[in-house]
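Have a look at the structure below, then the notes.
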Amino acid sequence: MEFVKYAVILLGLLARICSCTQLGAQNWTLTVTRSSWGTVFEGSNVTFTCTIGSDNPNLSVWIEWRHTLFGDEIITLSEPTYVTGSHTLTLTGVSGNQAGYYRCVGSTSWSPAYWNPTTMSGWSSLPLRYRPVYMNKDRTWIGANDNYKATLECFVRSDPQATVTWYGPNGANITEDTDPDRVSIEEDSYQNPYAGYIVDSLLIIDPVNSSTDYGMYRCRAANAIGTFVDHDIELKETGPPEAPKNLAISNNYVTKDTIGFNWEPGYDGGEKLESYYMNIREIPGDFNASNWIQRSLQERYWAYTDLQPDTLYQIAVYARNKLGTSPYSTLDVRTAPLEPGQLDS
Ligand SMILES: *[C@@H]1O[C@H](CO)[C@@H](O)[C@H](O)[C@H]1NC(C)=O
Ligand SMILES: *[C@@H]1O[C@H](CO)[C@@H](O)[C@H](O)[C@H]1NC(C)=O
Ligand SMILES: *[C@@H]1O[C@H](CO)[C@@H](O)[C@H](O)[C@H]1NC(C)=O
Ligand SMILES: *[C@@H]1O[C@H](CO)[C@@H](O)[C@H](O)[C@H]1NC(C)=O
Ligand SMILES: *[C@@H]1O[C@H](CO)[C@@H](O)[C@H](O)[C@H]1NC(C)=O
Ligand SMILES: *[C@@H]1O[C@H](CO)[C@@H](O)[C@H](O)[C@H]1NC(C)=O
């Protein structure tokens, strides 16, 4: 049994080395073109075409589309699709969330357990004129107690650049002159070549006086496209944290018996986070209450091992501060199936 296991691992490694160095693979490329040149206005239809370039005109490959706004977070837009010649991605009525860059990536092989496209087109830009989009729309409240500092943030993206105005709980606009000893506005703006103009406006109240400062604040962003867009943020006393964010599989780290994952801090409720707790259950099934594992604030990753192959699991993570616990964030993942001929030894 041990020998079989190592032979399988060795063969797997060889297969990977071969695909990395393209031994025996076809020499081919992917290229993306956009339907219209120049600037695109919000609401238009845009088509990207992914073309396979190869000495063999009959080459067929699996491709998928990817999008990124700033280049850091890359979103996969489609399931791998088997294509010959070329393939299109149509965006109907584009919105500000679709600005940025697009590419197609592909591979000559695909299986449900293994998809690692190594051929990529260059990034094709979508320079879009669009009305303001809030990048921190989830932030609907801020916790700050009496005599502490409160920072309300309005983080918007648009093209052309937006102007931001703050309104207080009494409905009046807030400027640097409203209460100069306690209230200030700090604004930072910069341009991303295709994602648009970013304005980060901070309303800082220091120190907070709960009897006058608590309530609903409004941030209004306006630019020449459309009218304006509002975002409301409530200032109130501190509370339990919000659920951890971006709970996701780490680097495709799912095998037949292991799921590796990580997450990012959610809003802390205005109090320092103390720790995270995580657990796993088979779906269907319940979390075993004695198996919550505590993680420190820095240890925002873990791998559950010794799992069953081809089985659907749910991972949950929550946070705690001195005022209580957050709801869970959950992630449903199926472990990989056993490979054909592989014994579960
Ligand atoms: C692949 O094709 C390109 C262009 O057709 C050529 O420049 C390149 O040398 C080829 N690479 C290999 C490894 O054959
Ligand atoms: C975009 O495509 C939709 C659906 O195909 C169509 O109804 C609409 O008229 C198109 N809009 C423009 C601006 O071409
Ligand atoms: C492509 O396919 C056609 C039709 O099946 C065939 O006649 C042709 O020889 C193929 N070309 C190559 C380069 O394989
Ligand atoms: C803010 O309010 C003041 C006084 O009501 C008004 O003069 C000013 O135009 C307002 N500014 C904005 C940006 O709305
Ligand atoms: C808070 O504001 C109220 C109303 O203006 C005022 O009476 C009170 O003295 C303020 N509290 C502090 C600590 O400044
Ligand atoms: C929960 O986990 C504990 C410790 O791992 C174990 O002893 C217990 O049997 C489990 N309970 C259930 C219902 O699986």
Side-chain angles (χ1 to χ4, degrees), residues 34-49 65 77-78 87-99 102 126-132 152 154 156 158 160-180 182-189 197 199-205 212-213 215-233 257-259 277-295 302-308 311-318 328:
R34 178 156 61 83
S35 54
S36 58
W37 287 107
T39 300
V40 175
F41 283 84
E42 184 167 8
S44 321
N45 297 338
V46 179
T47 300
F48 289 97
T49 303
W65 288 93
L77 299 176
S78 60
H87 189 254
T88 59
L89 171 74
T90 299
L91 307 175
T92 306
V94 284
S95 69
N97 289 325
Q98 294 171 305
Y102 291 80
L126 179 56
L128 189 68
R129 297 283 175 272
Y130 61 98
R131 69 199 140 142
L152 280 63
C154 185
V156 294
S158 65
Q161 185 169 336
T163 54
V164 168
T165 311
W166 284 97
Y167 297 87
N170 61 4
N173 68 31
I174 301 173
T175 66
E176 289 281 351
D177 303 326
T178 302
D179 188 351
R182 290 196 313 123
V183 178
S184 59
I185 295 173
E186 284 178 12
E187 193 170 289
D188 210 4
S189 63
Y197 293 83
V199 176
D200 192 10
S201 177
L202 303 178
L203 175 66
I204 299 164
I205 305 172
T212 53
D213 297 338
M216 197 62 90
Y217 290 74
R218 170 165 290 182
C219 149
R220 174 166 292 180
N223 76 351
I225 307 279
T227 51
F228 56 78
V229 184
D230 286 338
H231 176 53
D232 291 348
I233 307 173
D257 59 6
T258 303
I259 299 173
Y277 297 84
M278 59 187 189
N279 206 341
I280 190 166
R281 70 183 177 104
E282 229 181 281
I283 296 178
D286 296 321
F287 290 112
N288 180 332
S290 14
N291 290 352
W292 288 97
I293 301 176
Q294 188 175 359
R295 298 294 280 164
W302 186 252
Y304 279 110
T305 56
D306 295 323
L307 305 175
Q308 299 300 312
T311 302
L312 186 59
Y313 286 94
Q314 183 174 69
I315 288 161
V317 181
Y318 69 85
Y328 303 158

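No experiment lies behind these values; they were computed from the predicted model shown. Order of appearance sets the numbers: ligands from 1, and atoms from 1 within every ligand.
Comparing heavy-atom distances from atom 11 (N) of ligand 4 across Thr178, Thr163, Ile174, Asn173 singles out Asn173 as nearest.
Residue Ser290 has at least one heavy-atom neighbour below 4.0 Å for each of these atoms of ligand 6: 1 (C), 2 (O), 3 (C). Set against the non-hydrogen atoms of Asn45, the atoms of ligand 2 under 4.0 Å away are 1 (C), 2 (O), 3 (C), 8 (C), 10 (C), 11 (N), 12 (C), 14 (O).
In terms of protein heavy-atom proximity, atom 3 (C) of ligand 6 is closest to Asn288 ND2, 3.6 Å. Among protein heavy atoms, the minimum distance from atom 13 (C) of ligand 4 is reached at Thr165 CG2, 4.0 Å.
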Yes or no on side-chain contact (heavy atoms from CB on, under 4.5 Å) for Trp302 and Ile315, after CA distance, side-chain angles and deciding distance?
-> CA-CA 11 Å; Trp302 186 252; Ile315 288 161; over 6 Å; no
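In this structure, atom 5 (O) of ligand 4 has its sub-4.0 angstrom surroundings free of protein heavy atoms. For atom 9 (O) of ligand 4, no protein non-hydrogen atom is found at a distance below 4.0 Å.
When ring centroids are compared, Tyr304 and Tyr313 stay outside the 6.0 Å threshold.
Enclosure of atom CG in Asn291 by more than 12 non-hydrogen atoms of other residues, nucleotides or ligands within 6.0 angstrom is indicated. For CZ of Arg129, the number of neighbouring non-hydrogen atoms (other residues, nucleotides, ligands) closer than 6.0 Å is greater than 12.
With Tyr167 as the aromatic partner, Arg218 does not meet the cation-pi criteria of under 6.0 angstrom to the ring centre and within 45 degrees of the ring axis.
Ring orientation note: the planes of Phe287 and Trp292 are tilted relative to one another, at an angle of 30° to 60°.
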